[in-house]
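Bear in mind that the values here come from a model prediction, so they are computed numbers and not experimental data.
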Amino acid sequence: MKFILDWNNLILIAMAVVSGIALLLPVLQRRGARVSQIQATQMMNQGKTLVLDVRSAEEFASGHLPKAKNIPLPELAQRIAELEKSRNNVVITVCKSGVRSASAVSVLTKAGFAQVFSLEGGTDSWREQGLPIIK
C-alpha cells in the first residue's frame, strides 16, 4: 500500500496505464473489415469484385491494382452513384497504407454496401508482396 501512495510511484503507475491505453486504442477502434493481400487476390479471382482505389488521381497514375477504379476519398460520398452496380458485390477499398481505405469502408457501409473490405497495408504492402501493379 505504501508503494502505491508514494508520489513518485503514482506518477510511474499513471504513465504505465496511459501507455497501455495508447497501445490498445488502435486495436479497440473499429476500422471496418479488412482483407489481406492473399484474401483480396482470391476475391478478385472469383470475379464480381470491385477494387476501389481512394487515392488521388496522381497517386493512382503512379501505379494501382489491376482493374481498379479510382474515386478519391474526398469525392466518394458525392460519386457513390457510380458504384451502384456493385452494391451487392464485394468491394475492396485500397489506398497507400490502409488508413484512407478504412474510412472509405465506413462511407460505403453507411450507403448500404454490404460486403466492403479494406486492403491491409494498402498498395505499399501489395508491392512488398511482389503482386502486380498497373502503371
Is the backbone N or O of Gly122 less than 3.5 Å from a side-chain atom of Arg127, with the two atoms forming a donor-acceptor pair by type?
no
Are Trp126 and Val90 connected in a single hydrophobic cluster, I mean Ile/Leu/Val/Met/Phe/Trp/Tyr linked by side-chain heavy atoms less than 4.5 Å apart?
yes
Distance-only, no hydrogens or angles: does the Thr93 side chain make a donor-acceptor pair with backbone N or O of Ser101 under 3.5 Å?
yes
Could you walk me through whether Thr49 and Val91 pass the side-chain contact (heavy atoms from CB on, under 4.5 Å) test, one step at a time?
CA-CA 6 Å; Thr49 299; Val91 178; over 6 Å; no
Determine whether Gln39 and Phe117 make a side-chain contact, defined as any pair of heavy atoms from C-beta on separated by less than 4.5 Å.
no
Do the numbers put Arg55 on top of the ring of Phe60, so that NZ or CZ is under 6.0 Å from the six-membered ring centre and no more than 45° off the axis?
no
Any chance the side chains of Ser125 and Glu128 put a donor and an acceptor closer than 3.5 Å?
no
Any idea which heavy atoms bring Arg79 and Asn70 closest together, and the distance?
NH2-O, 3.9 Å
Can you confirm whether Ile134 is buried at CD1, in the sense that more than 12 heavy atoms of other residues, nucleotides or ligands lie under 6.0 Å from that atom?
yes
Min side-chain heavy-atom separation Val94-Val54 under 4.5 Å:
no
Are Leu52 and Met44 in one and the same hydrophobic cluster, where Ile, Leu, Val, Met, Phe, Trp and Tyr link if side-chain heavy atoms are under 4.5 Å apart?
no
Hydrophobic clusters here meaning ILVMFWY residues chained together by side-chain heavy-atom distances under 4.5 Å, can you tell me if Leu65 and Ile92 are in one?
yes
Hey, is CG on Asn88 packed in by over 12 heavy atoms from elsewhere, all under 6.0 Å?
no
Do Phe113 and Val105 have side chains that approach each other closer than 4.5 Å (heavy atoms only, starting at C-beta)?
no
